[in-house]
2 protein chains.
Amino acid sequence: MSLVTDQSSCTSPNFVTYAEKFKAMSDPKRLELLHLLCINGSTCVCDLVDEMNIPQSKLSYHLKILLNADLIFKETKGTWSYYSLNEDVMSRILSRELCCILTPSS
Amino acid sequence: MSLVTDQSSCTSPNFVTYAEKFKAMSDPKRLELLHLLCINGSTCVCDLVDEMNIPQSKLSYHLKILLNADLIFKETKGTWSYYSLNEDVMSRILSRELCCILTPSS
DNA sequence: TTATTAAATCAAAATAAATTGATATAAGGA
DNA sequence: TCCTTATATCAATTTATTTTGATTTAATAA
């Protein structure tokens, strides 16, 4: 079987789905957010506000974009919301070199 | 030396530069273009117009965005322009799984 | 119950990106 | 030279995204 034609995951690539993920990653603030979640692990919004130095509503907006793109997870505990990286998805998209920026210990 | 702290390429990541590249990849038509260049290698604009089925000025616009993001190369021969993938950059950004969609034989 | 805090949502304004059709440039051939 | 073809650019419009500050929702504590 030819190495070139056996591209299991490569047939009929879903460009729309990938474009959505790349769009979510197309903003420096959102990359910084992913980076923070990568370094700190699951993090409360209240801590992200402090670290990111942007208005709370803006942070909320950017988190939602990352969440909708399936790049991060959300978990609510009482009044607090914790966000974390979706490492599986991230490592399926990005190179090792970039994963090492955006996902922990890889 | 710790594996975790030796992240040569990972210190002070340039989020702006990466965001630009992701923005260039944030459109299905542009991903399709990258995919075509990946499959066909260096390709003339006139052939891309046929394959992509979009107006010429639109194609020109999208090619320029990919070129400015350093994701593709351009070479002019007489009246014709040939575009090709910047495989180095692509493989430094994307996972193997995605490279196999967007860059040849990897 | 009232007050406080955390986080999401909303509407308006500002900014940016994409689309369109027309025009410009420039190379090559008749 | 004149015509044709290839590609890029332009200006106007449309569409999408981001920003802002105010408001809402909901949990907890006093």
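Reminder, nothing fancy here: chain letters follow the sequence lines and each chain counts from 1. Every heavy atom of this structure was used, including side-chain atoms; hydrogens, water molecules and symmetry mates were not.
Considering only side-chain N and O atoms, A/Tyr83 lies nowhere under 4.0 angstrom from the phosphate OP1 or OP2 of C/dA6.
Distance CG/A/Asp70 to NZ/A/Lys21: 4.5 Å, rounded to 0.5 Å. Rounded to the nearest 0.5 angstrom, A/Ser81 OG and A/Glu75 CD are separated by 9.5 Å.
To the nearest angstrom, P of C/dT20 lies 13 Å from CD of B/Gln56. Nucleotide C/dA7 holds its P atom 13 Å from the CG atom of A/Leu33, rounded to whole Å. Straight-line distance from the CD1 atom of A/Ile65 to the C1' atom of C/dA8: 14 Å, rounded to whole Å. As rounded to whole Å, 9 Å separates atom C1' of C/dT20 from atom NZ of B/Lys58. In this structure, CG of A/Leu63 is placed 13 Å from P of D/dT19, rounded to the nearest angstrom. Between the P atom of D/dA16 and the CG atom of B/Asp27 lies a distance of 12 Å, rounded to the nearest Å. Taking atom OH of residue A/Tyr61 and atom P of nucleotide C/dA11, one finds them 16 Å apart after rounding to whole Å. Atom P of nucleotide C/dA8 and atom CG of A/Leu48 are separated by 10 Å, given to the nearest angstrom.
Residues from residues 66-82 of chain B placing a heavy atom under 4.0 Å of any atom in DNA chain D, listed by number, are B/Lys74, B/Thr79, B/Trp80, B/Ser81.
Using a distance-only test at 3.5 Å, with no hydrogens or angles considered, a donor-acceptor pair links the side chain of B/Ser91 to the main chain of B/Glu87. Of the possible donor and acceptor atoms, none in the side chain of A/Arg30 sits under 3.5 Å from a partner among the backbone N and O of A/His62.
Inter-residue side-chain proximity for A/Phe22 and A/Ile93 is flagged as met; some heavy-atom pair is nearer than 4.5 Å.
The listed nucleotides are D/dA8, D/dT18, C/dA7; the one nearest the side chain of A/Val45 is C/dA7. Counting only heavy atoms from C-beta on, A/Ser60 has its side chain closest to C/dT9 among D/dA8, D/dT19, C/dT9. Between D/dG21, C/dT20, D/dT7, one nucleotide has an atom nearer to the side chain of B/Ser57 than all others, and that is C/dT20. If you check D/dT19, D/dT7, C/dA18 against the side chain of A/His62, the one that comes closest is D/dT19.
Under the 6.0 Å distance and 45° angle rule, B/Lys77 counts as a cation-pi partner of B/Tyr82.
For the pairing with B/Leu66, the side chain to side chain contact (heavy atoms under 4.5 Å, CB included) check across B/Asn86, B/Leu85, B/Asp27, B/Ile72 returns one residue only, B/Ile72.
Counting any heavy atom pair closer than 4.0 Å across all strands shown, A/Leu59 reaches no nucleic acid atom. As judged by a 4.0 angstrom heavy-atom cut-off over every strand, B/Lys23 is placed among residues touching the sugar-phosphate backbone only.
If you find the closest nucleotide of DNA chain D to B/Lys64 and to A/Pro55, the one lying nearer the 5' end belongs to B/Lys64.
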